[in-house]
Amino acid sequence: MQRRKAVVIGSGVAGLSGAIRLAVMGYEVDVFERNAYAGGKLSFFEKDGFLFDAGPSLFTQPQNIEELFAFAGEPIEDYFQYRKVDLSCNYFFENGKKVKAWTDSERLADELHTQLGEDKTAVLNYLHKSETLYNNIGSIFLNHSLHKRSTWFQKSILKALQTVRPPHLMGTLHGFNQSAFTKPETIQLFDRFATYNGSNPYQTPGMMSLIPHLELNEGTFYPEGGMINISNALVKLAEKKGVRFHFNSPVQRIIQVEGEAKGVVVNDENIFADVVLSNADIYFTYHQLLGDPVQTKQVLKQERSCSGMIFYWGMNREFPELHLHNIFFSKNYAAEFQTLFQQKQLYNDPTVYVNITSKMEEGLAPKGKENWFLLINAPSNIGQNWEQMRVQLRQQVIDKLSRLLQTDIASAIEVEEYLDPIRIEERTGSYMGSLYGTSSNSKMAAFLRHPNFTRKIEGLYFCGGSVHPGGGIPLCFKSAKIATELIHQDQTKHVHH
């Protein structure tokens, strides 16, 4: 009997893990990638001795990648190593206060009490609630398709739904945090977790209070060699399982005949397959690969997530007060989000995130120097003047960091590169440069995200940050798992008919 064929479009984290899962399930798998490298947003570059991870910089929930290697029957340690980081993030506030967010709840509660005067019990209660919410609701939303009836009839789900309280659904994350804490800095610190999926804490539901659980309870981790090694390990595993990669090979369209996906067109050539798994942005999948204006419009009904302005700075000295993850908060958070989401502009006192992997291992920056990755929330691209905005923002960031670190930052920048929403869209195919597909700014956002399949076209499935369950590395692993499990169920049905 001939092996069934699968085509995967795009080799982001979800495309790679989907390809691995399909290969393990016995498919002959071909991955078509328009870039010259795998990894999607999880890429990397070198400049004058400084090595930079170009995209996502936070590694949580290593169990997702552990589970993938176990599924493939390969020892992960031969491919990939990581370690736990005790300090999840350094926070700097405009009023001079500083907080070290430890990944140990007792220690974090102590720190917030000592630095901000926050009530310890309030912190421990919050983290406990975050964990309960994640274990009951989060794990359902994130590990199952919300669009299959069978999901909702599981006993565990009915039980879990009873743990949801109205403030989680009705109120906003900011409202939820305001009722939990008394200090404005603590509220701002926990509001920030909305940005993990490009959302606005003043709009996104209180349900998002399950996000801190991942970082503060389960822990923050660091992959040896930097984030790029997640992509590298997955490519190596995929090749070991017989997956074939085709780089510089953009898919022109998906072949569909009478409601069935039959393969793809690449370089004007038909490549037939039994199953097509698209890891491309869902907007581009409908708009370009399927030429379906109706569905394209549907996708755009949801607000896009925010984008980012990224600076890569090679610094000519070390900053002992900084760690792997650092946040410099804006003074007025509400005004910042109002500007980003309502006016679609950059805010003049931005919150700045600085990631420095050279803190974790040698060789990523020349001796005595550091590789800074700075991410500033930016609106999605609607044709703003990015050139002008970038120049202005760069100065604001330098002023802010110089003020909060009490040192001249400009003179320390030796090497510089940037990424703006236009470049993000060009390089990763994320529509409007949004980093997480659609935002989660509405109560129904989780249900409105596109499912991992379509009832209109048999044999076509979707994975990645622009579909269920959402953006970010852990969720991309989960989306690949959900999509390939659906493929398995559907294909098993076919065989038995």
Side-chain angles (χ1 to χ4, degrees), residues 10-17 35 37-45 51-65 68 80 82 85 88-89 142 192-199 211 214-215 218-235 279 281 305-312 324-327 351-360 364 371-378 380 417-421 423-425 427-430 433-440 463-467 469-480:
S11 64
V13 167
L16 291 171
S17 28
N35 287 320
Y37 54 87
K41 295 187 177 73
L42 208 56
S43 64
F44 153 94
F45 68 93
L51 280 66
F52 295 98
D53 277 313
S57 55
L58 177 70
F59 182 46
T60 54
Q61 283 208 309
Q63 62 266 37
N64 291 307
I65 190 169
L68 181 63
F80 183 71
Y82 62 89
V85 185
S88 86
C89 191
L142 302 179
R192 172 190 162 237
F193 287 96
T195 62
Y196 275 42
N197 56 16
S199 302
I211 299 178
L214 300 180
E215 188 180 310
E218 288 192 1
T220 307
F221 299 83
Y222 176 74
E224 297 296 329
M227 299 296 282
I228 187 62
N229 273 357
I230 298 173
S231 300
N232 294 343
L234 296 180
V235 170
N279 178 213
D281 184 302
S305 79
C306 65
S307 186
M309 183 67 94
I310 300 172
F311 294 106
Y312 307 94
L324 174 63
H325 302 291
N326 311 274
I327 290 278
T351 293
V352 181
Y353 163 74
V354 183
N355 171 259
I356 313 172
T357 51
S358 61
K359 294 279 185 196
M360 303 305 292
L364 299 177
N371 60 346
W372 284 24
F373 164 101
L374 300 93
L375 171 63
I376 297 96
N377 288 327
S380 44
E417 269 300 324
Y418 76 92
L419 198 54
D420 62 13
R423 286 184 168 187
I424 291 169
E425 179 170 330
R427 289 178 197 180
T428 67
S430 277
S434 56
L435 295 177
Y436 310 92
T438 53
S439 70
S440 303
C463 64
S466 65
V467 295
I473 295 169
L475 302 192
C476 286
F477 276 113
K478 292 183 195 302
S479 84

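Since the model is a prediction, treat every value here as computed from it, not as a measurement.
The CG atom of L42 sits 8.5 Å away from atom CG of L234, with the distance rounded to the nearest 0.5 Å. With rounding to the nearest 0.5 Å, the separation of CG in L364 from OG1 in T357 is 4.5 Å. One finds the CD1 atom of I230 at 4.5 Å from the CZ atom of F59 (value rounded to the nearest 0.5 Å). In this structure, the separation between CG on L475 and OH on Y196 is 12.5 Å, given to the nearest 0.5 Å. To the nearest 0.5 Å, atoms CH2 (W372) and CG (N355) are separated by 11.5 Å. Summarising the geometry, atom CD belonging to E417 is positioned 12.0 Å from atom CD1 belonging to I310; distances are rounded to the nearest 0.5 Å.
The two residues I211 and F193 come nearest to each other via the heavy atoms CD1-O, 3.6 Å. Residue A38 comes nearest to L16 through the heavy atom pair CB-CD2, 4.4 Å, listed as atom of the first residue, atom of the second, then distance. Between Y82 and P223, the shortest heavy-atom contact is CB-CA, 3.9 Å. Across all non-hydrogen atoms, the minimal contact from A14 to S479 is CB-OG, 3.8 Å. Scanning both residues, T60 and E215, for their nearest heavy atoms gives CG2-CA, 4.3 Å. Scanning both residues, S17 and F477, for their nearest heavy atoms gives OG-CD2, 3.7 Å.
A donor-acceptor pair is defined here as one N or O able to donate and one able to accept, closer than 3.5 Å; no such pair exists between the side chain of D420 and the backbone of M309. Judged purely by atom type and a 3.5 angstrom limit, N64 has no side-chain atom pairing as donor or acceptor with the backbone of K478. N279 places a side-chain N or O within donor-acceptor distance of the main-chain N or O of G12, the cut-off being under 3.5 Å. Between the T428 side chain and the I424 main chain, a donor and an acceptor come within less than 3.5 Å of each other. N371 contributes a side-chain N or O that, together with a main-chain N or O of S358, makes up a donor-acceptor pair within less than 3.5 Å. Checked by atom type and distance alone, the side chain of N229 pairs as donor or acceptor with a backbone atom of E224 at under 3.5 Å.
Counting heavy atoms from C-beta outward, E425 and P421 have side chains that stay 4.5 Å or more apart. Taking 4.5 Å as the limit, some side-chain heavy atom of I376 sits within range of a side-chain heavy atom of F311. The shortest distance between side-chain heavy atoms of R192 and T351 does not fall below 4.5 Å. Between V85 and H325 there is no side-chain heavy-atom pair separated by less than 4.5 Å. With a 4.5 Å cut-off on side-chain heavy atoms, K41 and S430 count as touching.
Remark: F45 engages F52, Y312 in a ring-ring contact (aromatic ring centres under 6.0 Å, His included) (not counting sequence neighbours). With sequence neighbours left out, the side-chain hydrogen bond (donor to acceptor under 3.5 Å, both in side chains) criterion links S11 to E33.
Defined by atom type and a distance below 3.5 Å, a donor-acceptor pair is missing between the side-chain atoms of T195 and Y353.
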